[in-house]
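Source: prediction; values computed, not measured. Values below: all heavy atoms of this structure, side chains included; hydrogens, waters and symmetry mates excluded. In what follows, residues are counted from 1 in the order of the sequence shown.
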Amino acid sequence: LTNVADQADYFRTRLDGTKFAEPASVRVMGLAIGVEFGDGSDYASKLGDRCREAGLLVSAEEDNLLTMYPPLTIDREVARQGLDLLEGCA
């Protein structure tokens, strides 16, 4: 589980530093990751569509909530590549 804690910290740091078009609240519990935008916002839904078109599997469970569930065995390089894609779509 050391890898999970290390990667969770990495995801939190990268997402906190991402310049989203709208204010975002990042939540990380293990490798269950959510980025919530303001009530009534549909930014997560639109961002999710752009991410999927770029090849990154994310879920916009609600119009204002983007979620990611990377595998517990994810390594830093794969996490970096995915977050680079997400930042490019933001």
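Pairs of residues two or more places apart, or lying in two chains, never qualify as ring pair (Phe, Tyr, Trp, His ring centres under 6.0 Å) while including a residue from residues 69-90. Screening residues 30-41 for salt bridge (Lys or Arg N to Asp or Glu O under 4.0 Å), with sequence neighbours left out, gives R27-E36. The stretch residues 4-53 participates, sequence neighbours left out, in these ring pair (Phe, Tyr, Trp, His ring centres under 6.0 Å) pairs: F20-F37, F37-Y43. The stretch residues 71-90 participates, sequence neighbours left out, in no ring pair (Phe, Tyr, Trp, His ring centres under 6.0 Å) pair at all.
Proximity of C89 to L47: side-chain heavy atoms (C-beta onward) are separated by under 4.5 Å at one or more points. In this structure, the side chains of D6 and R76 come closer than 4.5 Å at one or more pairs of heavy atoms.
Nearest heavy atoms, L86 versus L66: CD1-CD2, 3.9 Å. Among all heavy-atom pairs drawn from G30 and A8, the shortest one is O-CB, 3.1 Å. Pairing each heavy atom of A44 with each of E62, the nearest pair is CB-O, 4.2 Å.
Listed by chain and number, the residues in a side chain to side chain donor-acceptor pair (under 3.5 Å) with D49 are R52 (sequence neighbours excluded). Residues satisfying the side chain to side chain donor-acceptor pair (under 3.5 Å) test with E53, not counting sequence neighbours, are none. Scanning for side chain to side chain donor-acceptor pair (under 3.5 Å) contacts around D63 gives an empty result, with sequence neighbours left out. Contacts of D75 classified as side chain to side chain contact (heavy atoms under 4.5 Å, CB included), with partners at least two apart in sequence or in another chain: E77, V78. For the salt bridge (Lys or Arg N to Asp or Glu O under 4.0 Å) test, residues two or more places apart in sequence or in another chain that qualify with D42 are K46. Annotation: side chain to side chain contact (heavy atoms under 4.5 Å, CB included) contacts of D16 (sequence neighbours excluded): R12, V26. Remark: P71 engages T73, I74 in a side chain to side chain contact (heavy atoms under 4.5 Å, CB included) (not counting sequence neighbours). For the salt bridge (Lys or Arg N to Asp or Glu O under 4.0 Å) test, residues two or more places apart in sequence or in another chain that qualify with E87 are R14.
I33 and L57 fall into different hydrophobic clusters, defined by Ile, Leu, Val, Met, Phe, Trp and Tyr side-chain heavy atoms under 4.5 Å apart, directly or through other members. Cluster membership check: V58 shares its hydrophobic cluster with L83, using side-chain heavy-atom separations under 4.5 Å among Ile, Leu, Val, Met, Phe, Trp and Tyr. Note on V28 and L65: separate hydrophobic clusters, where clusters join Ile, Leu, Val, Met, Phe, Trp and Tyr whose side-chain heavy atoms are under 4.5 Å apart, directly or indirectly.
Taken to the nearest 0.5 Å, the CD atom of E61 stands 12.0 Å off from the OG atom of S45.
Judged by distance alone, with hydrogens and angles left aside, the side-chain atoms of S41 form no donor-acceptor pair with the main-chain N or O of N64 at under 3.5 Å.
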